[in-house]
Amino acid sequence: MADRPKRILLIVGGGIAAYKSCELVRLIRKGGGEVTCVLTEGGAKFVTPMTLAALSEKPVHTTLWDLKNEAEMGHIQLSREADLVVVCPATADLLAKMAAGVADDLATTLLLATDKPVLAVPAMNVRMWQHAATRRNVARLRGDGVTVMEPDEGPMACGEFGPGRLPEPEVVHAAIMRFVSADPLEGQPDFADDRHRGLHGRHVLVTAGPTHEPIDPVRYIANRSSGKQGFAIAAAAAEAGARVTLVAGPVHLDTPPGVDRVDVESAREMLAAVEAALPADVAIMVAAVADWRAADAAGQKIKKDGSGTVPPLALAENPDILATLARSKQRPALLVGFAAETENVIDHATAKRARKGADWIVANDVSGDVMGGDANSVHIVTASGSESWPAMAKHKVARALVDRIAKDIAK
Ligand code: C5P
């Protein structure tokens with residue numbers, strides 16, 4: 001049986017780029033999809049309902065207070081009968097409302113009421129895109145599961161230059177197709193188009209997991225790190241187009257697709273593997289490296305002789321891989337460390353950033369069940385201060401971090 005046409009609910013916000021939504025409607029129709037358009041009040045200043053109705057061959061919805069439609073087809077239904085909700089262009093105002101959960105017109109009400117995936121395609125002035133408020137809103141939306149595409153860079157209608165332009169309709173259409181044809185088990189695609197894969201051509205080095213420090217051939221010193229966060233970061237970097245080397249301590253995790261994995265046991269082996277993987281553009285040191293190892297690991301199993309005498313366990317300090325990399329001639333352009341803390345998280349992370357020579361420290365409070373768990377709540381400490389992200393799944397932290405890294409190294 002042939003698949004039914006994919007249904008797109010297209011919300012057109014109020015920006016000059018709204019004219020490109022007409023072409024997008026045409027492309028969706030040409031590709032065999034159905035599209036229902038919702039125009040915000042601002043959107044209607046740039047394109048008329050008549051244009052979108054003619055191109056989509058469907059009524060265009062503009063107001064929450066259309067009683068006829070409310071009787072025939074409530075706004076809740078409108079928001080749920082689509083396979084995908086696309087906001088294009090997504091203005092700074094619309095992104096802010098979405099992030100805050102405001103529902104004061106038809107478009108925002110639909111966005112709050114929907115149970116379908118949402119793809120937002122931002123378009124705005126470069127300063128507005130780079131403003132801390134928009135950064136915060138985009139990070140929050142991404143954390144909430146909304147896919148926010150990266151805008152294009154180039155000359156803008158307002159005369160300025162930089163990121164903020166709406167991607168071409170073909171690129172948005174390709175993103176929509178990726179979405180609606182995605183395998184539901186695989187989840188939503190991360191990046192709308194190859195041109196938006198922000199780490200393309202970069203080498204990203206990630207360490208993950210604990211280390212095991214042998215005491216004798218059968219015993220070792222370990223910690224509770226599961227490796228989940230580091231593996232999620234390696235996966236997200238690969239999805240963002242990077243070549244990824246993942247140096248992994250002993251963990252029970254599958255290698256993410258497209259990632260080169262090097263398995264190690266001890267801190268010294270991890271350091272050697274990290275050095276062998278250089279040069280790298282970015283290094284993200286997520287591993288919970290043991291601070292100490294047994295000073296003299298025994299070659300044979302240490303025997304309990306029944307005398308009650310306990311063998312001494314002398315410790316030696318392990319090399320600090322992050323600090324070694326920071327001092328290395330081949331220091332990656334962006335060096336990110338992690339810090340697991342149980343108190344004064346940001347203060348300790350700030351001190352750690354300086355002490356180890358990292359560019360950023362991602363600090364997490366491990367006083368709860370972060371180690372081994374699936375969620376994480378992190379603070380990003382950089383030269384310009386700290387930023388706290390809401391608690392989210394480790395794979396979402398990974399995507400948001402990779403996104404921030406891609407933007408940073410593109411500067
Ligand atoms: O000092 P602390 O272990 O809290 O520092 C954490 C950060 O340093 C993490 O990024 C971790 O991967 C890195 N680290 C390292 N080598 C060590 C200890 C920690 O690379 N020996």
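Any value given below was found using the heavy atoms of this structure, including those in side chains, with hydrogens, waters and symmetry copies removed. Numbers here are sequence positions counted from 1.
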Side chains of residues 268-282: which donor-acceptor partners sit under 3.5 Å, not counting sequence neighbours?
{"from": "E269", "atom 1": "OE1", "to": "E265", "atom 2": "N", "distance (Å)": "2.8"}
{"from": "D281", "atom 1": "OD2", "to": "H203", "atom 2": "N", "distance (Å)": "2.7"}

>> Checking the side chain of R80 only, and the main-chain atoms of A113 only, is there a donor and an acceptor separated by less than 3.5 Å?
In response: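 Flag set: sc R80 to bb A113 pair under 3.5 Å.
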
> Got a donor-acceptor contact below 3.5 angstrom from the R243 side chain to the V204 backbone?
Replying inline: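 Side chain of R243 to backbone of V204: no pair is present.
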
>> Please list all pairs meeting salt bridge (Lys or Arg N to Asp or Glu O under 4.0 Å) that have one or both residues in residues 336-347, counting only residues at least two apart or in different chains.
In response: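 Matches after skipping sequence neighbours: E341-K352.
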
> Quick one: salt bridge (charged side-chain N to carboxylate O under 4.0 Å, His left out) partners of D263, sequence neighbours excluded?
Replying inline: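 With sequence neighbours excluded, D263 shows a salt bridge (charged side-chain N to carboxylate O under 4.0 Å, His left out) to R261, given in chain and number order.
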
>> For A298, give me all partners under side chain to side chain contact (heavy atoms under 4.5 Å, CB included), at least two apart in sequence or on another chain.
In response: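 Scan of A298 (side chain to side chain contact (heavy atoms under 4.5 Å, CB included), adjacent residues dropped) gives D216, I302.
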
> About how many Å separate SG of C37 and CG of L55, when rounded to the nearest 0.5 Å?
Replying inline: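 That separation rounds to 8.0 Å.
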
> What residue pairs, at least two apart or across chains, pass ring pair (Phe, Tyr, Trp, His ring centres under 6.0 Å) with a residue in residues 208-241?
Replying inline: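 Every ring pair (Phe, Tyr, Trp, His ring centres under 6.0 Å) pair that includes a residue of residues 208-241, provided the two are not neighbours, is H212-Y220.
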
> Which value, rounded to the nearest 0.5 Å, describes the distance between H131 atom NE2 and R127 atom CZ?
Replying inline: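 The distance works out to 11.0 Å.
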
> Looking only at heavy atoms, what is the nearest atom pair of G209 and V251, with distance?
Replying inline: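 Shortest heavy-atom contact: CA-CG1, 3.8 Å.
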
Could you go through residues 309-324 and list every donor-acceptor pair under 3.5 Å that involves a side-chain atom there, pairing it with any protein atom two or more places apart or in another chain?
{"from": "T309", "atom 1": "OG1", "to": "S307", "atom 2": "OG", "distance (Å)": "2.7"}
{"from": "N318", "atom 1": "OD1", "to": "R293", "atom 2": "NH1", "distance (Å)": "3.0"}
{"from": "N318", "atom 1": "ND2", "to": "E213", "atom 2": "OE2", "distance (Å)": "3.3"}
{"from": "N318", "atom 1": "ND2", "to": "A290", "atom 2": "O", "distance (Å)": "2.8"}
{"from": "D320", "atom 1": "OD1", "to": "L322", "atom 2": "N", "distance (Å)": "3.1"}
{"from": "D320", "atom 1": "OD1", "to": "A323", "atom 2": "N", "distance (Å)": "2.9"}
{"from": "D320", "atom 1": "OD2", "to": "K356", "atom 2": "NZ", "distance (Å)": "2.6"}
{"from": "T324", "atom 1": "OG1", "to": "D320", "atom 2": "O", "distance (Å)": "2.5"}

>> Test of understanding: with side chain to side chain contact (heavy atoms under 4.5 Å, CB included), list the residues that count as partners of T114, not counting sequence neighbours.
In response: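 Testing T114 for side chain to side chain contact (heavy atoms under 4.5 Å, CB included), a comparison that skips the adjacent residues, returns S79, V85, K116, V118.
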
>> Restricting to side chain to side chain contact (heavy atoms under 4.5 Å, CB included), what partner residues turn up for A123, sequence neighbours left out?
In response: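 With sequence neighbours excluded, A123 shows a side chain to side chain contact (heavy atoms under 4.5 Å, CB included) to A17, P89, L166, given in chain and number order.
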
> Is the backbone N or O of A287 less than 3.5 Å from a side-chain atom of T207, with the two atoms forming a donor-acceptor pair by type?
Replying inline: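 Checking the backbone N and O of A287 against the side chain of T207, a donor-acceptor pair under 3.5 Å is found.
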
> Can T108 and D105 be counted as having a side-chain donor-acceptor contact under 3.5 angstrom?
Replying inline: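 Short answer, yes.
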
> Counting only N and O atoms by type, is there a donor-acceptor contact under 3.5 Å from the side chain of T245 to the main-chain atoms of D260?
Replying inline: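 Such a contact is absent between T245 side chain and D260 backbone.
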
>> Tell me which pairs pass salt bridge (Lys or Arg N to Asp or Glu O under 4.0 Å) where either residue lies in residues 128-146, with sequence neighbours left out.
In response: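 Non-adjacent pairs meeting salt bridge (Lys or Arg N to Asp or Glu O under 4.0 Å): R142-E150, R142-D403.
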
> Can you name the residues that form a side chain to side chain contact (heavy atoms under 4.5 Å, CB included) with A410, not counting sequence neighbours?
Replying inline: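 Counting only residues at least two positions away or on another chain, A410 forms no side chain to side chain contact (heavy atoms under 4.5 Å, CB included).
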
>> Show every salt bridge (Lys or Arg N to Asp or Glu O under 4.0 Å) that has at least one partner inside residues 9-33, sequence neighbours left out.
In response: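 Qualifying pairs: K20-E168, E23-R26, R29-E57.
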
> Minimum heavy-atom separation for S377 to W389, with atom names?
Replying inline: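 Taking S377 first and W389 second, the nearest heavy atoms are OG-O, 4.4 Å.
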
> Are any of the side-chain heavy atoms of R7 and T36 separated by less than 4.5 Å?
Replying inline: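 Of all side-chain heavy-atom pairs linking T36 with R7, none is under 4.5 Å.
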
> Is a donor on one side and an acceptor on the other found under 3.5 Å between the side chain of T134 and the backbone of Q130?
Replying inline: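 No; judged by distance alone, with no hydrogens or angles, the pair does not exist.
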
>> Ignoring hydrogens, what is the shortest heavy-atom contact between A358 and G337? Give both atom names and the distance.
In response: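 Looking at all heavy atoms of both residues, the closest pair is CB-N, 4.3 Å.
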
> side chain to side chain donor-acceptor pair (under 3.5 Å) with R404: which residues, sequence neighbours excluded?
Replying inline: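 Once residues adjacent in sequence are excluded, the partners of R404 under the side chain to side chain donor-acceptor pair (under 3.5 Å) criterion are E387.
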
> Under a 4.0 Å N-O cut-off, is there an ion pair linking E34 with K58?
Replying inline: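 Yes.
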
> Quick one: does N223's side chain have a donor or acceptor within less than 3.5 Å of a partner on A288's backbone?
Replying inline: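 Side chain of N223 to backbone of A288, a donor-acceptor pair under 3.5 Å: yes, one is there.
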
>> What I want to check is whether the side chains of H379 and S388 have a donor and an acceptor closer together than 3.5 Å.
In response: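 A donor-acceptor contact under 3.5 Å links the two side chains.
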
